[in-house]
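The chain is numbered in sequence order, starting from 1. Only heavy atoms go into these numbers, but all of them, side chains included; no hydrogens, no water, no symmetry mates.
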Amino acid sequence: MRSFKYLVILVLLFIGINNEKAFDTSLKVYDYAQELTESEELNLKESIDKYINEHNMDMAVVIVKHHDKQNTMVYADDFYDYNGFGIGANYDGVIFVIDFTFGYTDIWMSTTGKAISIYTDARIDRILDAVAEQKNNGYYE
């Protein structure tokens with residue numbers, strides 16, 4: 001009888017684990033800081049979907065006010081890796097994060113797979129500089 005109880009517990013745990021709601025990677029825009037309007041999110045998602053179709057690489061944009069990671073780079077990498085982003089065996093793609101966690105605006109872009117060779121450090125720096133220059137016009141820009 002004791003082993004039957006353990007079997008029931010194991011089955012219930014297994015069912016519980018497999019019924020967890022999966023993260024929705026189709027959204028592509030995750031504005032946890034509420035910086036974008038609905039129409040801005042929709043327009044951004046349409047642009048991202050077009051990018052994904054043209055380049056066969058995944059993309060996500062995240063705006064966050066708080067997280068428990070040590071820095072924005074770790075947050076970005078973990079968000080991408082642990083939520084199932086990426087296309088193909090090398091998880092090709094890019095994530096762009098605007099982070100307000102540390103009392104200032106930190107902007108980060110991480111790449112994986114073939115995106116690493118396309119977005120060199122110099123190119124990423126130019127992109128981040130352009131974003132920093134535009135941030136006074138709103139984060140959508």
Side-chain angles (χ1 to χ4, degrees), residues 2-141:
R2 180 181 242 178
S3 62
F4 179 74
K5 287 180 188 178
Y6 288 123
L7 179 62
V8 169
I9 291 170
L10 285 173
V11 168
L12 290 174
L13 284 172
F14 181 75
I15 291 170
I17 290 170
N18 285 329
N19 283 335
E20 287 182 24
K21 187 175 188 283
F23 187 83
D24 189 353
T25 59
S26 70
L27 297 177
K28 304 303 179 195
V29 179
Y30 307 88
D31 182 13
Y32 301 122
Q34 303 299 307
E35 292 289 329
L36 303 174
T37 66
E38 276 188 44
S39 64
E40 288 172 336
E41 280 190 45
L42 181 61
N43 290 338
L44 189 54
K45 184 183 180 318
E46 288 174 359
S47 295
I48 290 170
D49 288 342
K50 183 177 177 183
Y51 171 92
I52 291 168
N53 289 330
E54 288 177 4
H55 300 285
N56 197 32
M57 287 191 298
D58 209 351
M59 178 182 278
V61 172
V62 182
I63 305 174
V64 61
K65 279 189 178 178
H66 175 75
H67 58 77
D68 60 359
K69 303 295 181 179
Q70 66 194 39
N71 59 45
T72 307
M73 179 192 76
V74 172
Y75 177 82
D77 290 348
D78 285 355
F79 192 95
Y80 191 93
D81 293 342
Y82 296 139
N83 289 315
F85 290 97
I87 294 177
N90 294 318
Y91 304 98
D92 302 328
V94 60
I95 184 169
F96 187 84
V97 176
I98 299 172
D99 183 1
F100 300 106
T101 300
F102 304 105
Y104 56 90
T105 306
D106 194 14
I107 304 168
W108 189 263
M109 187 172 157
S110 288
T111 58
T112 186
K114 70 181 181 182
I116 293 171
S117 61
I118 294 169
Y119 295 100
T120 63
D121 289 344
R123 189 171 183 193
I124 290 172
D125 287 343
R126 286 193 304 273
I127 291 169
L128 296 179
D129 288 345
V131 171
E133 288 175 16
Q134 288 295 321
K135 74 178 185 179
N136 292 333
N137 295 330
Y139 289 99
Y140 175 74
E141 293 301 321

*Apply the test side-chain contact (heavy atoms from CB on, under 4.5 Å) to residues D58 and I52: give CA-CA distance (whole Å), side-chain angles for both, the deciding distance (0.1 Å), then the verdict.*
CA-CA 5 Å; D58 209 351; I52 291 168; 3.6 Å; yes

Straight-line distance of [X] [atom1] to [Y] [atom2], nearest 0.5 Å:
| X | Y | atom1 | atom2 | answer |
| --- | --- | --- | --- | --- |
| Y119 | I127 | OH | CD1 | 6.0 Å |
| I116 | S110 | CD1 | OG | 9.5 Å |
| Y30 | K45 | OH | NZ | 8.5 Å |
| D49 | E54 | CG | CD | 11.0 Å |
| K28 | Y51 | NZ | OH | 11.5 Å |
| F85 | T25 | CZ | OG1 | 5.5 Å |

*asked:* For E41, run the side chain to side chain contact (heavy atoms under 4.5 Å, CB included) check against L36, V61, I63, L27 and tell me which one passes.
replied: L36

_Atom CD of E38 with >12 non-hydrogen neighbours under 6.0 angstrom_ = no

*Near D121 CG, under 6.0 Å, is it more than 12 heavy atoms from other residues, nucleotides or ligands?*
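Count not over threshold, so no.
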
When you measure from the side chain of [X] to the backbone of [Y], do you find a donor-acceptor pair of N or O atoms at a distance under 3.5 Å?
| X | Y | result |
| --- | --- | --- |
| E46 | N43 | no |
| N90 | D92 | no |
| K114 | H55 | yes |

*Run the side-chain contact (heavy atoms from CB on, under 4.5 Å) check on F100 and D106 step by step: do they pass?*
CA-CA 6 Å; F100 300 106; D106 194 14; over 6 Å; no

*For D129, check side chain to side chain contact (heavy atoms under 4.5 Å, CB included) against everything at least two apart and list the hits.*
none

*Worked check of side-chain contact (heavy atoms from CB on, under 4.5 Å) between I124 and T120*: CA-CA 6 Å; I124 290 172; T120 63; over 6 Å; no

_Least distance between heavy atoms, A76 atom then V97 atom_ = CB-CG2, 3.6 Å

pair [X]-[Y]: side-chain heavy atoms closer than 4.5 Å:
| X | Y | answer |
| --- | --- | --- |
| V94 | M109 | yes |
| Y91 | D81 | no |
| D77 | V74 | no |

*Scan F79, Y80, Y82 and name whichever one has a ring pair (Phe, Tyr, Trp, His ring centres under 6.0 Å) with F23.*
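Output: one option passes, namely F79.
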
*Out of F102, W108, Y32, which one pairs with H67 under the ring pair (Phe, Tyr, Trp, His ring centres under 6.0 Å) rule?*
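So the option named by the test is F102.
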
*asked:* Walk me through whether V62 and I95 qualify under side-chain contact (heavy atoms from CB on, under 4.5 Å).
replied: CA-CA 8 Å; V62 182; I95 184 169; 3.9 Å; yes

*asked:* So that I can tick it off, tell me whether D78 and K69 are bridged by a salt bridge, with the cut-off set at under 4.0 angstrom between side-chain N and carboxylate O.
replied: yes

*Do the charged groups of D99 and K65 touch, with an N to O distance under 4.0 Å?*
no

